[in-house]
Amino acid sequence: MSEVSKLIYQLSPFVEDCLTKQNRAFSSFEYNYLQEVINQHQIQSVLDIGTGEGSFIAGLASLTPDVNYHAIDIGEDLISIAKEKNQQDNIVFTSCLFDSSFPEKKYDLILARFSVEHMKDIAAFIAEAYKRLKKGGILLVTEYYVENISLQSDTWNIFREKELEFYTAIGSNARTSIEIPKLMHKEAFKKINSNLRHISPSTIGFQPFYELIISYANIYGNIVPEVWTDEIKSIIIAYAENSMHETSSHVEDVLFISHTIGYA
Ligand SMILES: C[S@@+](CC[C@H](N)C(=O)[O-])C[C@H]1O[C@@H](n2cnc3c(N)ncnc32)[C@H](O)[C@@H]1O
């Protein structure tokens with residue numbers, strides 16, 4: 001099925017830095033939410049699709065030691081980093097592609113965090129995920145959502161516009177989350193529920209927020225320099241560095257992520 005965007009995982013040192021900062025910024029509320037799902041449904045087996053360098057899933061695995069995790073990624077470099085830095089007794093990391101050839105073992109919960117946006121055929125992904133869930137099992141997709149209607153600073157608007165251009169340039173979709181509930185419904189998932197979360201200096205702290213923006217600017221500039229020129233990169237990095245320290249005069253810059261859940 002899906003061809004994944006190859007660009008996103010080829011530059012593993014940049015990817016690693018970005019994923020680590022992203023996890024630090026988002027994990028406080030994401031872990032609470034995931035732990036609630038795991039405890040409420042007595043989840044025992046989890047497949048994490050597109051696990052990256054494994055730091056996010058390792059954090060969750062350490063909070064839920066009785067759950068068994070299988071964490072996969074097509075990026076061999078990323079899985080090597082995961083095995084070296086994020087190995088835990090209750091996680092098996094494997095380098096492989098999730099597609100129709102993936103073994104039909106059944107899981108209680110399938111997670112896909114920031115990976116669906118890079119897939120070419122999301123309907124096929126959802127269909128294959130459905131086949132690998134026990135009856136009543138859960139698919140939980142976490143996605144980034146880029147809007148460009150900010151009323152905040154002009155520089156922030158440039159950042160968001162350039163993010164949209166970046167996603168388009170690498171063949172990914174920064175607004176996949178809008179499609180996922182409909183595709184789950186088509187695949188006979190039940191009790192589908194989706195929400196958008198605000199990530200802002202006020203919700204996660206100034207430093208984690210703007211360090212993440214700097215990391216995004218670096219990774220975007222390294223992957224698509226024709227969109228993220230040196231000039232754009234330095235404008236955004238200077239803005240983030242100033243905003244990190246000038247907390248009294250800040251405007252509330254906001255990122256969004258979505259959580260969409262459906263039951264097989
Ligand atoms: C942006 S990273 C997210 C990593 C991690 N889930 C996180 O939240 O930090 C997306 C990852 O998904 C992986 N990926 C995308 N589609 C995949 C597929 N069909 N099978 C396996 N890995 C996939 C890519 O290789 C990439 O490392």
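Each residue takes its place number in the sequence, starting with 1. Ligands are counted one by one from 1 in listed order, and the atoms in each one are counted from 1 as well.
Under a cut-off of 6.0 angstrom, the local environment of CD in Glu231 is sparse, with at most 12 non-hydrogen atoms contributed by other residues, nucleotides or ligands. More than 12 non-hydrogen atoms from other residues, nucleotides or ligands lie less than 6.0 angstrom from NE2 of His41.
Here atom 1 (C) of ligand 1 lies nearest to Phe114 when heavy atoms of Phe114, Phe98, Phe56 are compared. By heavy-atom distance, the residue among Gly75, Cys96, Ser115 lying nearest atom 21 (C) of ligand 1 is Cys96. When Gly52, Ala82, Gly50 are ranked by how near their heavy atoms come to atom 6 (N) of ligand 1, first place goes to Gly50.
Close N/O approach between Ile74 and ligand 1 is found [any backbone or side-chain N/O within under 3.5 Å]. When only interatomic distances are considered, the shortest N/O to N/O separation between Arg113 and ligand 1 falls below 3.5 Å. Considering backbone and side-chain atoms alike, Asp73 places an N or O below 3.5 Å from some N or O of ligand 1. Of the polar atoms of Ile72, none of the N or O atoms is found under 3.5 Å from an N or O of ligand 1, judged by distance alone.
Between Tyr216 and Phe159, the angle of the ring planes stays under 30°, which puts this pair in the parallel group of the 30/60° scheme. Aromatic ring pairs are classed by plane angle as parallel below 30°, tilted from 30° to 60° and perpendicular above 60°; the pair Tyr239 and Trp156 is tilted. Between Tyr167 and His118, the ring planes are parallel. Angles under 30° get that label, and only those over 60° would be called perpendicular.
Residue contacts with ligand 1 for Thr51 involve N, CA, C or O but no side-chain atom from C-beta outward (heavy atoms, distance under 4.0 Å). Residue-level proximity to ligand 1 for Ala112 is absent, since no heavy atom of it falls below 4.0 angstrom. Using a 4.0 Å cut-off between heavy atoms, Leu78 contacts ligand 1 through its side chain alone, with no backbone atom that close.
Ring centroid separation for the pair Phe93 and Tyr69 does not come in under the 6.0 Å cut-off.
Sorted by first and then second residue, the salt bridge (Lys or Arg N to Asp or Glu O under 4.0 Å) pairs involving residues 42-51 (not counting sequence neighbours) form an empty list.
With ligand atoms numbered from 1 in the order given, ligand 1 contributes 16 (N), 17 (C), 19 (N) to contacts under 4.0 Å with heavy atoms of Met119. Near Asn23, the atoms of ligand 1 lying under 4.0 angstrom from a non-hydrogen atom of the residue are 9 (O).
Residues Val46 and Thr64 have side chains not in contact (no heavy-atom distance under 4.5 Å, counting atoms from C-beta outward).
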